[in-house]
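Residue indices begin at 1 and follow the sequence shown. These values consider heavy atoms only, across backbone and side chains, with no hydrogens, waters or symmetry-generated copies.
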Amino acid sequence: MVLGRGPPGGAWNDIEGSMITLSRGEWMGLPDLSFKDWIRRKKRNLRNDRSTAGDILNYYQYYVKNKRLENNFLSGAVVTSVKKISKDKDNTSENEIIWHNPVFEDGQNEDSCVYQVNGFIKNDIGPEQNFCLFAENVILATGAYDSPSWLGIQGEDLPFVSHHLSALEEAIKSKKVNQGSEPVLIIGAGLTAADAILLAHHYNFPVIHAFRRRVNDPALIFNQLPQVMYPEYHKVYQMMKEQSVFQGGPYHGYMSLPEHHAVSFNDMKKCTFRDKHGHHKAFNVSMVLILIGSNPNLTFLSNNGKKLALDNERPVNSKSNPLEIDPFTYECIHEKGLYAIGPLAGDYFVRFVQGGALAVASALQKSQKKPP
């Protein structure tokens, strides 16, 4: 059983369907149906071997239908609990739909326990329906985009402050921001912040871009991307370097604030920053996007999955504290039968997920083979 979530945030929404993916299109292809062949049949071209997020989404949906895999998916399901129980224990209630109520053969599995997965199915028409599933193995593939990181400063919960790129999309659709508005403040120096800058730049919205690092910090993600393949991100990086609050430049409607820390926001939409010298600056803005990373939501696991992490004293984080796994099988070291792929296992890019999925599939296939 695989626990996954829908695609993350803005990059897959209507406005952002044309956003170019970070990974090359062919890296995200699935077995027995080449992405390149599929895109050619659609008479679409790849830009620097990269595709649009919308094309990738349509390709995955087509793949499920083409391979007749619809019955293997339970869409709209929200998992609330994953726990191990004894095979002879029944914790289900009368109002739950039960799938795969298992009948286990003797010797089929050395472990005397199975996983019970509880949750509910979202329904826009009628009431939510609870469900319960049983599985000998569970694969965690929920990504790391559920809980955005916060700065923890005054006014961060005001209505004009958001932690999701989709808020800018909604503001564009509803015309809450326009070319004549106060600047959109974008905080962060990663690719999601860069995506927000590109989107605002596309609509000619003025932007103030604040980040804590030095603009020439070698650890910035832009320094790890080939310029030929990622010209749009290097354009943002060029803007960051050439048009800051300290010096003017050729980019109308953009200003970077390197080495600036946000101090507070107030209900008059004024944002106060502290620079590296301790001096304070205030700016009026139309909205704020705080895009400084995110963390996985593992509330369905005991203690939010902390006992499964490399450091079980700290919360799970895909970059600094992923789940501790066997590198060959992707099985969690501290929980037999539980596997993790993608960001939860430290594989942050889409192109790495296939390797993890293959490792899990191989391990499960071997575990099902009976000795001669």
Side-chain angles (χ1 to χ4, degrees), residues 8-11 13-16 144-215 236 239-240 243-249 251-297 299 315 317:
N13 292 333
D14 291 340
I15 289 178
E16 291 304 288
Y145 295 91
D146 294 303
S147 302
S149 300
W150 284 50
L151 294 170
I153 62 175
Q154 180 181 347
E156 195 169 358
D157 57 349
L158 288 170
F160 67 94
V161 180
S162 177
H163 300 78
H164 300 275
L165 175 57
S166 56
L168 179 56
E169 300 170 11
E170 293 300 323
I172 293 170
K173 289 179 182 178
S174 61
K175 298 183 179 180
K176 290 182 179 179
V177 294
N178 55 58
Q179 297 178 15
S181 300
E182 295 284 3
V184 175
L185 172 62
I186 299 170
I187 299 178
L191 297 182
T192 305
D195 288 336
I197 292 167
L198 291 169
L199 181 57
H201 185 69
H202 175 76
Y203 286 93
N204 294 318
F205 298 158
V207 169
I208 297 175
H209 179 202
F211 45 96
R212 296 180 177 184
R213 293 181 182 272
R214 294 178 291 111
V215 74
V236 171
M239 293 164 63
M240 291 166 61
Q243 187 144 321
S244 73
V245 68
F246 306 114
Q247 62 181 26
Y251 306 106
H252 177 71
Y254 172 88
M255 179 177 67
S256 70
L257 302 177
E259 299 182 83
H260 278 64
H261 295 246
V263 175
S264 65
F265 310 112
N266 67 26
D267 53 12
M268 300 299 292
K269 296 187 177 181
K270 180 170 287 189
C271 308
T272 303
F273 286 89
R274 183 182 67 253
D275 66 18
K276 63 180 180 180
H277 302 295
H279 301 147
H280 285 72
K281 302 182 181 73
F283 301 91
N284 293 317
V285 300
S286 59
M287 66 181 299
V288 179
L289 296 174
I290 301 173
L291 305 172
I292 56 174
S294 57
N295 295 293
N297 179 359
T299 54
N317 181 281

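The shortest non-hydrogen separation linking Ala262 to Phe265 is CB-CZ, 4.4 Å. Listed here is the closest heavy atom pair of Leu289 and His164: CD2-O, 3.5 Å. Scanning both residues, Lys269 and Ser286, for their nearest heavy atoms gives NZ-O, 3.3 Å. Minimum heavy-atom separation, Gly188 to Ile292: CA-CG2, 4.0 Å. In this structure, Lys176 and Ser181 approach most closely via the heavy-atom pair O-OG, 4.3 Å. Contact record, Gln243 with His252: NE2-N, 4.1 Å, taken as the closest heavy-atom pair.
Within a 6.0 Å sphere centred on NE2 of His163, other residues, nucleotides and ligands contribute more than 12 heavy atoms. Around NZ of Lys281, the count of heavy atoms belonging to other residues, nucleotides or ligands within 6.0 Å exceeds 12.
At least one donor-acceptor pair under 3.5 Å links the side chain of His260 to the backbone N or O of Pro258.
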Side chain to side chain contact (heavy atoms under 4.5 Å, CB included) evaluation trace for Tyr203 with Val177: CA-CA 10 Å; Tyr203 286 93; Val177 294; over 6 Å; no

Side chain to side chain contact (heavy atoms under 4.5 Å, CB included) for Asp195 and Leu291? Distances and angles first, verdict last. CA-CA 10 Å; Asp195 288 336; Leu291 305 172; over 6 Å; no

Test side chain to side chain contact (heavy atoms under 4.5 Å, CB included) applied to Lys276 and Arg214, step by step: CA-CA 10 Å; Lys276 63 180 180 180; Arg214 294 178 291 111; over 6 Å; no

Worked verdict on Phe246 versus Glu259 for side chain to side chain contact (heavy atoms under 4.5 Å, CB included): CA-CA 11 Å; Phe246 306 114; Glu259 299 182 83; 6.0 Å; no

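The OH atom of Tyr251 lies 12.5 Å from the CE atom of Met240; values are rounded to the nearest 0.5 Å. Note that CG of Leu257 and CG of Asp275 are 9.5 Å apart. Values are rounded to the nearest 0.5 Å. For the atom pair CD1 (Ile208) and CG (Asn284), the distance works out to 8.5 Å, reported to the nearest 0.5 Å. Atom NE2 in His280 sits 7.0 Å away from atom OG1 in Thr272 (nearest 0.5 Å). Between atom CD1 of residue Ile186 and atom CG of residue Leu199 there is a gap of 8.5 Å, rounded to the nearest 0.5 Å. To the nearest 0.5 Å, atom CZ of residue Phe283 and atom CE of residue Met255 are 4.0 Å apart.
Side-chain contact check for Leu168 versus Met287: some heavy-atom pair is nearer than 4.5 Å. When side chains are defined from C-beta on, Ile187 counts as touching Phe273, because their heavy atoms get closer than 4.5 Å. Using a 4.5 Å heavy-atom threshold, the side chains of Cys271 and Val288 count as touching.
Checking Tyr254 against His209 by side-chain atom types alone, a donor-acceptor pair falls below 3.5 Å.
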